[in-house]
Protein chains: 2
Amino acid sequence: MLKTLDNALHLLRYFTRERPQWGVRELAREMNISHPVVYRMLATFERHGFLRQDEQTKKYELGITFLEYGAILRDHLSITQIIYPVMKRLAETTGESVILTWLDGMEGICLEMAESTQRVKYAMSVGSRTLLYAGASNKVIMAYLPPHVQEAIIAKGLKPKTDRTILDKDELLRDLARIRSEGWAYSVGEYTENVFGIAVPLFAYDKRVVASLTIAGPDYRMPADAVPAALRALKEAQQEIQTLLQRIQ
Amino acid sequence: MLKTLDNALHLLRYFTRERPQWGVRELAREMNISHPVVYRMLATFERHGFLRQDEQTKKYELGITFLEYGAILRDHLSITQIIYPVMKRLAETTGESVILTWLDGMEGICLEMAESTQRVKYAMSVGSRTLLYAGASNKVIMAYLPPHVQEAIIAKGLKPKTDRTILDKDELLRDLARIRSEGWAYSVGEYTENVFGIAVPLFAYDKRVVASLTIAGPDYRMPADAVPAALRALKEAQQEIQTLLQRIQ
DNA sequence: GCCCTTTGTTTCGCATATCGAACCGGTGTT
DNA sequence: AACACCGGTTCGATATGCGAAACAAAGGGC
């Protein structure tokens, strides 16, 4: 393990949605290291386009090299290549957005999205991270994780995303057990206000849950009695993807 | 400048579309450095999710952390935040895909795209790089670059992207001069077969060209006589974006 | 006008993290 | 069974990063 590189990559973690810009000394104070060290890291990242320095403010922010590597990554991710056509078709038949959420550690990450063709639709950015304890797309993954991982996620703390987010540990575990027994999840406004989600899990060859497939949109377009039809289409897509995944692994 | 970090970031450059996977010794040979060094870099990147190791083949490939940073970047890039709604509307009125190409060094990079709502449409991935000497979206940027930069781009070599790509230096320079005098570019099948592009430049506060806005789609939907109407809509969007850009700079 | 503070950037001697030859255990081929 | 490759590890020589101090430039208060 390279300490210099390790420190540098750790530094990047400070560039977040909430705090996308940092001055040299500012960041050095935050990280409790000397500012020349931070400066050298920032300057080296900048040479490679991973960071860019604002000409006026002199502050540093993420650079477009990340977009570039993101594009390469998505290109060769055979998984999304295979799954996307199915997602697209599902988005067209249901008229709602379809989202592929991947399991990464104790979080979810939006790997791919097929947008609804309607004007009013749910959209989220590919690459954005989500917490696993709220919303159908996330809970359906969490429901199939081993108990000690579920415990670990809960132990990290349940913060409300909306006022419908389940914050009680026992209630959440009961909900997850129900989802696991039924094989799918449905939620409204748990992760994002006024947004419904219907989600099913996707499994790897070894039966471990690796992702979820979700139909999402504005809640008024999915009353409870419309769910069964959408679920049927979703389960068909799930089947299809599952057999495709078998083939490549 | 940190040499260790510099070397490590240089290593990432080897993960391309054409060659997205590398074994340790394989990459070490390619880079002419010892394999323990490469191993340490790969392993450290992996710890942070910038690379992942394929369980079966043990080879390394780009990791989803790049998607994550790409999402953060796009989120806070005030430029795309401001421009996207205009692009979206233009895509809806024209029915074709609209692309925002940003100038980065001597290349273009697709910063944002509003997809056509039609079934058959032109699509490219956000973050992908393009060469500046072919296609309307690129040439309209190159046309406004200072002559020495144009020379430098040509000096790097003109390779055909399709059989319509202009490869003659003088012909290209004449074409760029014409584009500059007219203020827009139109091309068919120069960068991608059977794809048309109509493009206008976007300028920073100091009149330097920074990007281009392009309407693109399958060539059969844009015969020469349909261009003026599309161009009118495109120029309106250009005006709008230009005034928006003035405001933030 | 001045002082004072803060900024990003550079320098340099000391401390240490990195390098690479050699090695390990494992796998597949001949 | 000998060989050739692989990913991963070890350890001493040495190239490299660290951080106190200083730099020039910019901005605020008076």
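Quick note on labels: first sequence line is chain A, next is B, and so on, each numbered from 1.
In this structure, B:Met87 and B:Leu90 have side chains that are not in contact, with every pair of non-hydrogen atoms separated by 4.5 Å or more.
Salt-bridge formation is detected for the pair A:Lys59/A:Glu26: a Lys NZ or Arg NE/NH1/NH2 atom is positioned less than 4.0 Å from an Asp or Glu carboxylate oxygen. Taking the charged nitrogens against the carboxylate oxygens, B:Lys169 and B:Glu151 do have a contact shorter than 4.0 Å, which makes a salt bridge. The residues A:Arg52 and A:Glu61 are annotated as salt-bridged, a charged nitrogen and a carboxylate oxygen being separated by less than 4.0 angstrom.
The nearest whole Å value for the distance from the CG atom in B:Leu27 to the P atom in D:dC5 is 18 Å. For the pair A:Met31 CE and D:dC18 C1', the interatomic distance rounds to 14 Å; values are reported in whole Å. Summarising the geometry, the separation between NZ on B:Lys59 and C1' on D:dG7 is reported as 11 Å, rounded to the nearest angstrom. Taking atom CZ of residue B:Arg25 and atom P of nucleotide C:dG28, one finds them 17 Å apart after rounding to whole Å. Look at CD on B:Glu30: it is 18 Å from C1' on D:dC6, rounded to the nearest Å. The nearest whole Å value for the distance from the OH atom in B:Tyr60 to the P atom in D:dC6 is 14 Å. The separation between A:Gln56 atom CD and D:dG27 atom P is 11 Å, rounded to whole Å. Straight-line distance from the NE2 atom of A:His35 to the P atom of D:dG19: 11 Å, rounded to whole Å.
Overall bending of the helix from C:dC3-D:dG28 to C:dT30-D:dA1, expressed as the angle between end axes built from five pairs apiece, is 40° (10° steps).
With sequence neighbours excluded, the residues that form a side-chain contact (heavy atoms from CB on, under 4.5 Å) with A:Val86 are A:Ala237, A:Glu240, A:Ile241, A:Leu244.
B:Gln53 comes within 4.0 angstrom of sugar-phosphate atoms only, judged by non-hydrogen atoms across all strands, and of no base.
Expressed to the nearest 0.5 Å, how far CD1 of A:Ile83 lies from CG of A:Leu213 amounts to 7.5 Å. If you take CG on B:Leu51 and OH on B:Tyr60, they are separated by 8.5 Å, rounding to the nearest 0.5 Å. Within the model, atoms CZ of B:Phe50 and CG of A:Leu5 stand 9.0 Å from one another, a figure rounded to the nearest 0.5 Å.
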Close N/O contacts between protein and nucleotides 17-20 of chain C (under 3.5 Å):
unit_1 : atom_1 : unit_2  : atom_2 : d
C:dT18 : OP1    : A:Lys3  : N      : 3.0
C:dT18 : OP1    : A:Thr4  : N      : 2.8
C:dT18 : OP1    : A:Thr4  : OG1    : 2.9
C:dT18 : OP2    : A:Lys3  : N      : 3.0
C:dG20 : OP2    : B:Ser34 : OG     : 3.4
C:dG20 : N7     : B:Arg40 : NH2    : 3.2
C:dG20 : O6     : B:Arg40 : NH1    : 3.3

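With hydrogens and angles left out, the side-chain atoms of B:Thr44 and A:Asp6 include no donor and acceptor closer than 3.5 Å.
Contact annotation: A:Tyr39 side-chain N/O to D:dC23 OP1/OP2 distance is not under 4.0 Å.
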